[in-house]
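Here the structure is laid out as structure tokens; the discussion comes afterwards.
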There are 2 protein chains.
Amino acid sequence: MSLPETELAVFMERLRESGIKLTHQRMEIFKEVASRMDHPDAASVYERVRERVPTISLDTVYRTLWMLKEAGLITTLGPAHDRLRFDANTAPHHHFVCTICGKTEDFYCDAFNSLNVPQEVNAIGVVERAQVELRGLCNACAKEETK
Amino acid sequence: MSLPETELAVFMERLRESGIKLTHQRMEIFKEVASRMDHPDAASVYERVRERVPTISLDTVYRTLWMLKEAGLITTLGPAHDRLRFDANTAPHHHFVCTICGKTEDFYCDAFNSLNVPQEVNAIGVVERAQVELRGLCNACAKEETK
DNA sequence: TTATTAAACAGGAATCATTCTTATTTAGTA
DNA sequence: TACTAAATAAGAATGATTCCTGTTTAATAA
């Protein structure tokens, strides 16, 4: 529940320098998502923040989370902003995911195929497969960016 | 478009040994998803298969894709069967994802923080972050499994 | 080959997450 | 304290996915 002073200060500074208004709602949403070590979905953030700000809307939660992502203060899990995708490539391979358009490309790398899983993970579960996920800008989106 | 004989044989054998009926629809859906190197969503598979089997339903495509995943013939991208999740952990870390329940846990590993990205990837785009994604069974689901 | 039956199917309705629209409120500034 | 562009709340709309129900079919055995 407790949040380091610095994190909150970075958040406020980041908004100010981008000319984004610092609202009560944004403050509470950021505090909520930053204080949680699980990976909450929007509905879960909404439920919790609502205890403190009963009139908040789900739409505001979504808008704020995307804004935080835009500002580089949080990230999303899974292919960005996109729907479920299926993969029939059963050979060992890895993924490059564009953080803008969500495009996912396979690539191959022997070194990545034989990663040594750390002890620590055994406490969580049994690993069946290890994949490297590279996130960045694909060439098409990089071209857009330079405008 | 062409699909190695062996892949199709494995598919048919896998269904037979599980007592799952080999239908025309399942055959076409598997052939479609197995022959594509992109990562199609259900709607895209549906559109393509419909050219050959005009009466097929979207529901059948979904059911069949999940069945193929259950049988280990395909995988899904992103957190399993689940919605978009947000992550405020900005420190370098990695993920363990349970393939059954979709639960995602952070873990830390210095060796994984400094992976050498292969040349090949430069042709795709610019990498901003490298994360290892371990997939497997979490302890809770493993316990369920042993029944 | 034909009959039987449980499984699978098609089609449409229902659900659920996410986004959009619009009228109202508010943070930042003068 | 007043002004204004930006942000909000509420509910409608959209879009993906799943459920429901009556019909069809693959697998099996006579």
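Chain letters run A, B, ... following the sequence lines, proteins first, then strands; residues in each count from 1.
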From [atom1] of [X] over to [atom2] of [N], roughly how many Å is that when rounded to an integer?
{"X": "His24(A)", "N": "dA6(D)", "atom1": "NE2", "atom2": "C1'", "result": "18 Å"}
{"X": "Tyr46(A)", "N": "dT8(D)", "atom1": "OH", "atom2": "C1'", "result": "13 Å"}
{"X": "Met67(B)", "N": "dA7(C)", "atom1": "CE", "atom2": "C1'", "result": "12 Å"}
{"X": "Trp66(B)", "N": "dC19(D)", "atom1": "CH2", "atom2": "P", "result": "12 Å"}
{"X": "Phe30(A)", "N": "dA7(D)", "atom1": "CZ", "atom2": "P", "result": "17 Å"}
{"X": "Arg16(B)", "N": "dA7(C)", "atom1": "CZ", "atom2": "P", "result": "18 Å"}
{"X": "Leu77(A)", "N": "dA17(C)", "atom1": "CG", "atom2": "P", "result": "18 Å"}
{"X": "Phe86(A)", "N": "dA16(D)", "atom1": "CZ", "atom2": "C1'", "result": "11 Å"}

**OP:** Look at the side chain of Ile20(A) and decide which nucleotide, out of dA7(D), dA10(C), dA9(D), has an atom nearest to it.
**Re:**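 Selected nucleotide: dA7(D).
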Subject >> Options dA10(C), dA27(D), dA8(C), nucleotide nearest the side-chain atoms of Leu22(B) >> reply: dA27(D)
**OP:** Give a yes/no answer on whether the side chain of Thr23(A) brings an N or O atom under 4.0 Å of OP1 or OP2 in dT8(D).
**Re:**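 Result: yes.
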Original post:
Just to confirm, is there a sub-4.0 Å distance from OP1 or OP2 of dT19(C) to any side-chain nitrogen or oxygen of Arg63(A)?
Top reply: no
Original post:
If you pin Leu58(A) and Lys21(B) to their nearest nucleotides in DNA chain C, which one's is more 5'?
Top reply: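 The residue mapped nearer the 5' terminus is Lys21(B).
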Subject >> Side-chain (His95(B)) to main-chain (Thr104(B)) donor-acceptor, under 3.5 angstrom >> reply: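 It does not hold such a pair.
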Subject >> Beyond-backbone contact of Thr75(A) with Arg129(B), side-chain heavy atoms, under 4.5 angstrom >> reply: yes
Original post:
Base, sugar-phosphate alone, or nothing: which one does Arg26(B) contact when heavy atoms must sit under 4.0 Å apart?
Top reply: sugar-phosphate
**OP:** Could you tell me which non-hydrogen atom of Tyr108(B) sits nearest to which non-hydrogen atom of Pro92(B), and how far apart they are?
**Re:**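 Residues Tyr108(B) and Pro92(B), closest heavy atoms: CD2-O, 3.5 Å.
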Original post:
With respect to Glu32(B), which candidate in Arg52(B), Arg50(B), Arg26(B) satisfies the salt bridge (Lys or Arg N to Asp or Glu O under 4.0 Å) definition?
Top reply: Arg52(B)
**OP:** Fit a plane to each ring of His39(B) and His93(A), take the angle between them on a 0 to 90° scale, and name the class: parallel (under 30°), tilted (30 to 60°) or perpendicular (over 60°).
**Re:**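 His39(B) and His93(A): parallel rings.
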**OP:** With DNA chain D as reference, determine whether Gln25(B) or Asp59(A) sits nearer its 5' end, using the nearest nucleotide of each.
**Re:** Asp59(A)
